[in-house]
Amino acid sequence: MAVAKSNNRKKNQSYISVPSQIINSISQSSLESLLQPTQKKQGGTSKLRVLLENPRFWIFFIFVFGFLWMLKMWFNFEPTTPFSQNPCFSPQENSEISSGFSSTQLTIVRNDEKDGKNYENSEFWKQPDGMGYSPCLDFSEKYRKERGDIVKDRTKYLMVVVSGGMNQQRNQIVDAVVIARILGAALVVPILQVNVIWGDESEFSDIFDLDHFKKVLANDVRVVSSLPSTHLMTRPVEEKRTPLHVSPEWIRSRYLRRLRRDGVLLLRGLDSRLSKDLPSDLQKLRCKVAFRALRFAPYISEFGNKLTERMRTEGPYLALHLRMEKDVWVRTGCLPGLTPEYDEMINNERKRRPELLTSRSNMTYHDRKLAGLCPLNALEVTRLLKALGAPKGSRIYWAGGIPLGGKEALLPLKREFPHLYNKEDLALPEELKPFEKKASLLAAIDYIVSENSDVFLASHGGNMGHAIQGHRAYAGHKKTITPNKRHMLPFFLNSSLPEAEFNRIILDLHRDSFGQPELRNSKTGRDVTKYPVPECMCNSSMKAYSSI
């Protein structure tokens, strides 16, 4: 009978295999202490032994151990770290979203893991040597003596109508002030022609700070908001056919006698009508208007600076002015290179409206490309930035209109530089409402964020690119990359060139194209608002200069 009971007891015993990792993780003393029975009653069975012999205990033990191990390995779980009220939401994310953008939009990796370079310490962000140049508007004694008579005159008034986009209008306003000075006339606040493409009806004071404009120019030209009562019934002399690049002498001989007779002169279409090579005082006046008087309206400046702060939350950033809109491809005679369908669309549009082609209609697309007359597309911009050493973690603000093909046209750039944003990405929807359907105001925002950037690059010149290049030079020669398209594009087309060799060549081509001081008078016809040295900036070694 005893033998039978013993055999039954053996049959009822259960066994479970335990992984060796668990056994090894338990010390010998701990194991012995767990297995050592505690005598409560003589002949009694240890409750601990019963527990250890229970299969459910070991299954539960293995589950808990495995779960904790997974947490430790996958999430770097620390049981001693207290949980926040919302463990998925960090204080940094909270501050970012309260500033108007999501953490997913503006997260950045400071250490570029791919290149092994520290983001902020990258050579790419190094600024050019300004060679000691600083703003210097030292007007001549003759110019200063003429001020009194000009600002006191109440007989002559110049009215101007400026057209085009915001940056094109800006250039014409600069020249309008200079023409008013040449004629000794008061300038009526310029009229902004309604843009037929965008339907923007913004007035001067909607875009620019009018009070500031008047104050800065008070000793140069008298600016009035409207014609005085003495001239309201006067029919202005209208001139529509001003030739290109006229001199101050031509302006006086053509308009001064009629202006004295009739009191009011109306000019239209001032784009490039005034010569770029003017006497020194008038060149300085151009700079004074462009860089000091034409300040954006306070609410635009405030919003543009707010977006600048959001771009700079994680360090320096690059501003990229892309010229990839449909009208740009049509006007330049170039192809976007997205798909054959898009290329055909541009060709057909150009055939329907050949007058849109800006120049050199006899050149083929390939010839234009090699001559550097075409905008860079997203892939070419990407290759250029990589060759110039831009870290993968670089934060990029792209300015300009929506490119042909939508944001998908930017995918080559987005893949290499994922931290790519424009104003719509940075702003809350309600913040953009005051600027809806106002192309000029949106362009002004792009201008502010681009001018404030640590590095600026324009893919195809244009009025905005030129204006910002000059503005950044006047502000201290902040780094501005000018793509050397004519010399670099043959290497872009050479698919057999190793990437390392390609990068070396492209970098060598651009060593002198990072915004270093460049003399305007080294080439005639250059705009002083693009090249402010030497007329508007003096070297620190020059002792006498004024910042009027």
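Because only heavy atoms are used, hydrogens play no part in the values below, and waters and symmetry mates are left out as well, while side chains stay in.
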Checking Asn171 against Asn463: is there a side-chain donor and acceptor pair closer than 3.5 Å? yes
Roughly how far, to the nearest 0.5 Å, is CG of Asp271 from CG of Asp175? 8.5 Å
As a test of understanding, state which of Glu325, Lys326, Met324 forms a side chain to side chain contact (heavy atoms under 4.5 Å, CB included) with Leu404. Lys326
Tell me whether Arg350 contacts the main-chain N or O of Val330 through its side chain, where contact means a donor paired with an acceptor under 3.5 Å. yes
Should we count NZ of Lys407 as having more than 12 external heavy atoms under 6.0 Å? yes
Looking only at heavy atoms, which two atoms of His321 and Gly465 are closest? And how far apart? ND1-N, 4.2 Å
Side-chain donor-acceptor pair present, His212, Arg295, cut-off under 3.5 Å: yes
Answer yes or no: is there a side-chain heavy-atom contact under 4.5 Å between Val189 and Val224? no
Criterion salt bridge (charged side-chain N to carboxylate O under 4.0 Å, His left out) against Glu380, the qualifying member of Lys369, Arg323, Lys386: Lys369
Tyr421 side chain near Leu307 side chain, heavy-atom distance below 4.5 Å: no
State which residue, out of Asp220, Asp281, Asp138, fulfils the salt bridge (charged side-chain N to carboxylate O under 4.0 Å, His left out) condition with Lys288. Asp220
Indicate whether the side chain of Asp277 and that of Ser275 have a donor and an acceptor atom separated by less than 3.5 Å. no
Hey, mind stepping through Phe514 and Ile481 against side-chain contact (heavy atoms from CB on, under 4.5 Å) and telling me if it holds? CA-CA 5 Å; Phe514 293 151; Ile481 299 172; 4.0 Å; yes
Measuring from Arg268:CZ to Arg273:CZ, what's the distance to the nearest 0.5 Å? 13.5 Å
Contact between Asp446 and Trp398 at the side-chain level, heavy atoms closer than 4.5 Å - yes or no? no
So does Gly164 get a backbone contact from the side chain of Gln169, meaning a donor-acceptor N/O pair under 3.5 Å? yes
Close side-chain approach of Pro190 and Met159, heavy atoms under 4.5 Å: no
Determine yes or no for a side-chain-to-main-chain donor-acceptor pair under 3.5 angstrom, with Asp209 supplying the side chain and Phe296 the backbone. no
Looking at Lys156 and Asp153, does any basic side-chain N land under 4.0 Å from a carboxylate oxygen? yes
For the residue pair Tyr342 and Pro336, what are the closest heavy atoms and their distance? CB-CG, 4.2 Å
By salt bridge (Lys or Arg N to Asp or Glu O under 4.0 Å), Lys215 pairs with (sequence neighbours left out) none
Correct closest heavy-atom pair for Pro434 and Leu441 would be O-CD1, 4.2 Å
Are a donor atom and an acceptor atom from the side chains of His471 and Tyr447 found within less than 3.5 Å of each other? yes
Hey, which of Lys479, Arg312, Lys478 is the one that makes side-chain hydrogen bond (donor to acceptor under 3.5 Å, both in side chains) with Asp454? Arg312
Minimum heavy-atom distance Gln283-Leu278, with the two atoms named: CG-O, 3.4 Å
Could you grab the distance from atom CZ of Arg472 to atom CD of Gln127, nearest 0.5 Å is fine? 7.0 Å
Examine the side chains of Asp200 and Ser440 and answer whether a donor and an acceptor come within less than 3.5 Å of each other. yes
Whether Asn539 side chain and Met131 backbone form a donor-acceptor pair below 3.5 Å: yes
Report the C-alpha separation of Cys538 and Cys136 in whole Å, then their side-chain angles, then the decisive distance to 0.1 Å, and conclude whether the disulfide bond (SG atoms under 2.5 Å apart) test is met. CA-CA 5 Å; Cys538 304; Cys136 168; 1.9 Å; yes
Side-chain (Glu431) to main-chain (Leu428) donor-acceptor, under 3.5 angstrom: yes
Please test Ile179 against Leu267 for side-chain contact (heavy atoms from CB on, under 4.5 Å), starting from the C-alpha separation and ending with a verdict. CA-CA 10 Å; Ile179 292 174; Leu267 297 180; 4.1 Å; yes
Nearest non-hydrogen partners of Ile448 and Ser301, listed with the distance: CD1-CA, 3.6 Å
Under a 4.5 Å cut-off applied to non-hydrogen side-chain atoms, are Glu535 and Cys287 in contact? no
Check the SG atoms of Cys374 against those of Cys334: under 2.5 Å or not? yes
Can any side-chain N or O of Ser394 pair as donor or acceptor with the backbone N or O of Ala390 at less than 3.5 Å? no
Is it the case that the side chain of Arg526 and the backbone of Leu519 share a donor-acceptor pair, with hydrogens and angles ignored and the cut-off at 3.5 Å? yes
Establish, from distance only, whether the side-chain atoms of Lys485 and His460 form a donor-acceptor pair under 3.5 Å. yes
Below 4.5 Å, heavy atoms only, C-beta onward: do Arg147 and Ile150 meet side chain to side chain? no
ring-ring contact (aromatic ring centres under 6.0 Å, His included) partners of Phe303, counting only residues at least two apart: Phe435
Indicate yes or no: at least one non-hydrogen side-chain atom of Tyr157 is less than 4.5 angstrom from one of Leu187. no
If you count the non-hydrogen atoms of other residues, nucleotides and ligands that lie under 6.0 Å from CD in Glu430, is the total more than 12? yes
Side-chain donor-acceptor pair present, Glu203, Ser205, cut-off under 3.5 Å: no
Quick check for you: to the nearest 0.5 Å, what is the distance between Arg331 atom CZ and Arg353 atom CZ? 11.0 Å
Is the shortest heavy-atom distance from the side chain of Leu320 to the side chain of Leu413 under 4.5 Å? yes
If I take atom CD from residue Gln168 and atom CE from residue Met464, how far apart are they, to the nearest 0.5 angstrom? 14.5 Å
Step-by-step side-chain contact (heavy atoms from CB on, under 4.5 Å) determination, Ile396 to Leu385: CA-CA 11 Å; Ile396 300 178; Leu385 289 176; 4.1 Å; yes
Which is it for Val188 and Val223 under the side-chain contact (heavy atoms from CB on, under 4.5 Å) test, yes or no, and what are the steps along the way? CA-CA 6 Å; Val188 181; Val223 180; over 6 Å; no
So, Arg310 versus Tyr397: side-chain donor-acceptor pair below 3.5 Å or not? no
If you look at every heavy atom in Pro375 and Thr332, which pair is closest and at what distance? CD-OG1, 3.9 Å
Has Arg383 got a side-chain atom pairing as donor or acceptor with Phe492's backbone, closer than 3.5 angstrom? yes
Can you measure from CD1 (Ile445) to NZ (Lys306) and round to the nearest 0.5 angstrom? 11.0 Å
Quick check: does any side chain N or O of Arg222 sit under 3.5 Å from a backbone N or O of Ala186, one acting as donor and the other as acceptor? no
I'd like to know if the side chain of Arg170 reaches the main chain of Ala290, judged simply by a donor and an acceptor atom lying under 3.5 Å from each other, with no hydrogens or angles considered. yes
